[in-house]
Amino acid sequence: MKKTLWKTLALMLALVMMLGMFAGCSSSSDADTAEETETEEAAETVEETADETEAEADTTVDFSAVTGSLTMGTGGESGTYYAFGGVLSNYIGQNTGLSINTVSTGGTTANIEGISEFLYDLALVQSDVMTYAYEGTNSFAETGANTDFLVLGALYAETVQIVTLDPEITSVSDLAGKSVCVGDVGSGTYYNTVDILAAYGMTLDDITPIYQSFGDSAESLKDGKIDAAFICAGAPTTAVTDLATSQTVYLVSIDDEHMATLLESCPYYASLTIPAGTYAGFDEDCVTITVKATLVCRADLDEDTAYAIVATIFDNAEAITELHAKGAELDLTFATEGIAVPFATGSAKYFAEHGIEVETVE
């Protein structure tokens, strides 16, 4: 009986030991398998990362290798084009191999013509007027289409500001019989003035038009030589800011009825409100219209240069904002929406990398 019991216990012990050995072998095998799987997955990840890095390297331009000397047409020295254009030119020059010289000009029309005459390689223009030029419509119907330029990207909203020091001028209709600055001859501001007056059933014949730059019109207001001035520029505008330091400035709003008329006849405009406080002593919101300040280039500007310029601007919006407030408006969607003129291929390449397809001439 005892012998049988001991034999049974011995068999059970042996069985337990054998099961333990099998379990140990199984655990070791599983661990080895898991380790092999993790090693294979890690290798695949490294390989995929290397492939992605290589792919990125294939599309990245060496900006220091993008060299050349370019000229940018801007606007009057008291306007936003000149100030912001200078900031962009300096920043691009510091972060690429390019050297960009900014020059003061008469504005959009002069800049477009300057590109055709090989005076400028880059220029700041209003989105509405550049569309007229490219399509040969409106003010460019007689001279014909100008396709010597392409778009790099829209930069910020330009607002049409009707500035006066006369508190009795509260409507566009009140400008009748007044001496009013309408911008330089052929400037974007000039065409904005014509469109706004038309919405009120008026023409330039209903006012005494004075053709001056932003800075000169501000001085004329201060000296009492004119009653009001149309200024199309990003708000706040240097000329108006300076004027507001010594005078009480009023901005004339476009009322709802005439705004509807204007937008129906000129769909390239959009309504925009300039908030109170934009200028010293300016304590009421002003409802007006806006277009886009757009950076364009010669149609034959090479792809790498166009790419480097656009990438340097839009990849560094935060840094540019520290240099000029308009940098805060740099936005990829804004830069590409509602643009009727084709983009340069280098610019289109940059936006495509960010999931935005734009029209090109190709």
Is a donor on one side and an acceptor on the other found under 3.5 Å between the side chain of Ser253 and the backbone of Val287? yes
Gap separating the CG atom of Asp174 from the CG atom of Asp166, nearest 0.5 angstrom: 8.5 Å
Do Thr290 and Val160 have side chains that get closer than 4.5 Å, going by heavy atoms? no
Before you tell me yes or no, could you show the steps for Tyr200 and Ile254 under side-chain contact (heavy atoms from CB on, under 4.5 Å), namely the whole-Å CA-CA distance, both residues' side-chain angles and the distance that decides it to 0.1 Å? CA-CA 10 Å; Tyr200 281 79; Ile254 301 173; 3.7 Å; yes
Kindly indicate, with the supporting measurements, whether the criterion side-chain contact (heavy atoms from CB on, under 4.5 Å) is fulfilled by Ile196 and Val172. CA-CA 8 Å; Ile196 291 173; Val172 173; 4.0 Å; yes
For the residue pair Leu295 and Ile313, establish whether any side-chain heavy-atom pair is separated by less than 4.5 Å. yes
No-hydrogen, no-angle side-chain donor-acceptor test under 3.5 Å, Ser116 and Asn146: yes
Following the transitive rule for hydrophobic clusters with a side-chain heavy-atom cut-off under 4.5 Å over Ile, Leu, Val, Met, Phe, Trp and Tyr, establish whether Phe230 and Ile226 coincide in one cluster. no
Close side-chain approach of Pro342 and Val151, heavy atoms under 4.5 Å: no
Can you check whether Thr203's main-chain N or O pairs, donor with acceptor, with Asp206's side chain at less than 3.5 Å? yes
Can you tell me how far apart OG1 (Thr105) and OH (Tyr120) are? Round to the nearest 0.5 Å. 5.0 Å
When the ring planes of Tyr191 and Phe140 are compared, do they come out parallel, tilted or perpendicular, using 30° and 60° as the limits? tilted
Would you say Thr305 and Asp302 are linked by a side-chain donor-acceptor pair, where the criterion is simply a distance under 3.5 Å? yes
Heavy-atom closest pair (Ser173 atom, Met202 atom, distance to 0.1 Å) is CA-SD, 4.1 Å
Is there a chain of hydrophobic side chains (I, L, V, M, F, W, Y, each step under 4.5 Å between heavy atoms) that links Leu323 to Ile92? yes
With no hydrogens and no angle check, do the side chains of Thr237 and Gln161 hold a donor and an acceptor under 3.5 Å apart? yes
Is there a donor-acceptor contact under 3.5 Å from the side chain of Ser347 to the main chain of Leu152? yes
Quick check: closest heavy atoms across Val296 and Ile115, and the distance to 0.1 Å? CG2-CD1, 3.9 Å
Determine the interplanar angle of the Phe351 and Phe314 rings, folded into 0 to 90°, and report it as parallel if under 30°, tilted if 30 to 60°, perpendicular if over 60°. perpendicular
Main-chain N/O of Asp216 paired to Ser213 side chain as donor or acceptor, under 3.5 Å: yes
Whether Thr278 side chain and Ile274 backbone form a donor-acceptor pair below 3.5 Å: no
First locate atom OG of Ser104, then atom OH of Tyr81, and finally report the distance between them rounded to the nearest 0.5 Å. 13.0 Å
Are the side chain of Asn316 and the backbone N or O of Ala319 linked by a donor-acceptor pair below 3.5 Å? no
Answer yes or no: is there a side-chain heavy-atom contact under 4.5 Å between Tyr269 and Asn192? yes
Ignoring hydrogens and geometry, is there a side-chain-to-backbone donor-acceptor pair from Ser89 to Gly85 under 3.5 Å? yes
Are side-chain N/O atoms of Asp285 and Thr273 paired as donor and acceptor at under 3.5 Å? no
Around Glu303, counting heavy atoms of other residues, nucleotides and ligands shown, do more than 12 lie under 6.0 Å from its CD? yes
Does the side chain of Tyr350 reach to within under 4.5 Å of the side chain of Asp315, using non-hydrogen atoms? yes
Ignoring hydrogens, what is the shortest heavy-atom contact between Cys232 and Val291? Give both atom names and the distance. SG-CG2, 4.1 Å
Side chain of Thr336, backbone of Gly153: donor and acceptor closer than 3.5 Å? no
Are any non-hydrogen side-chain atoms of Leu70 and Ile309 less than 4.5 angstrom apart? yes
Short side-chain to backbone donor-acceptor contact, Glu329 and Ala157, under 3.5 Å: yes
Do Thr80 and Leu124 make a side-chain contact, defined as non-hydrogen atoms from C-beta onward lying under 4.5 Å apart? no
Within 45 degrees of the ring normal and closer than 6.0 Å to the centroid, is that where the cationic atom of Lys349 sits relative to Tyr307? yes
Report the C-alpha separation of Thr248 and Leu165 in whole Å, then their side-chain angles, then the decisive distance to 0.1 Å, and conclude whether the side-chain contact (heavy atoms from CB on, under 4.5 Å) test is met. CA-CA 6 Å; Thr248 300; Leu165 302 181; over 6 Å; no
Should Cys181 and Phe214 be marked as a side-chain contact (heavy atoms from CB on, under 4.5 Å) after you check the CA-CA gap, both sets of side-chain angles, and the distance that decides it? CA-CA 9 Å; Cys181 179; Phe214 299 161; over 6 Å; no
Inter-residue atom distance Leu122.CG - Phe149.CZ, 0.5 Å rounding: 13.5 Å
Please report the closest heavy-atom contact between Ala328 and Thr321, naming both atoms and the distance. N-OG1, 3.1 Å
Quick check on the hydrophobic clustering: are Ile162 and Met259 connected, directly or via other members, by side-chain heavy-atom contacts under 4.5 Å? yes
From Ile320 CD1 over to Lys326 NZ, what is the distance, rounded to the nearest 0.5 angstrom? 14.5 Å
Asp300 atom CG, over 12 foreign heavy atoms within 6.0 Å: yes
Distance under 6.0 Å and angle within 45° of the ring axis: does Lys292 meet both against Tyr156? no
With Val182, the side-chain contact (heavy atoms from CB on, under 4.5 Å) member among Thr208, Val194, Thr189, Leu204: Leu204
Distance (rounded to the nearest 0.5 Å) between Gln94 CD and Ser99 OG: 11.5 Å
Under 4.5 Å between side-chain heavy atoms, counting indirect links through other Ile/Leu/Val/Met/Phe/Trp/Tyr residues: same cluster for Ile100 and Leu155 or not? yes
Quick check: closest heavy atoms across Ile169 and Asp227, and the distance to 0.1 Å? CD1-O, 3.9 Å
Does any donor atom in the side chain of Tyr279 or Tyr250 lie under 3.5 Å from an acceptor atom in the other side chain? no
Below 4.5 Å, heavy atoms only, C-beta onward: do Thr312 and Phe63 meet side chain to side chain? yes
Cluster check Phe334, Phe343: I/L/V/M/F/W/Y, side chain < 4.5 angstrom: no
Closest contact, heavy atoms only, Ala344 versus Leu150: N-CB, 3.8 Å
Answer yes or no: is there a donor N or O on one side and an acceptor on the other, between the side chain of Thr102 and the main chain of Gly86, under 3.5 Å? no
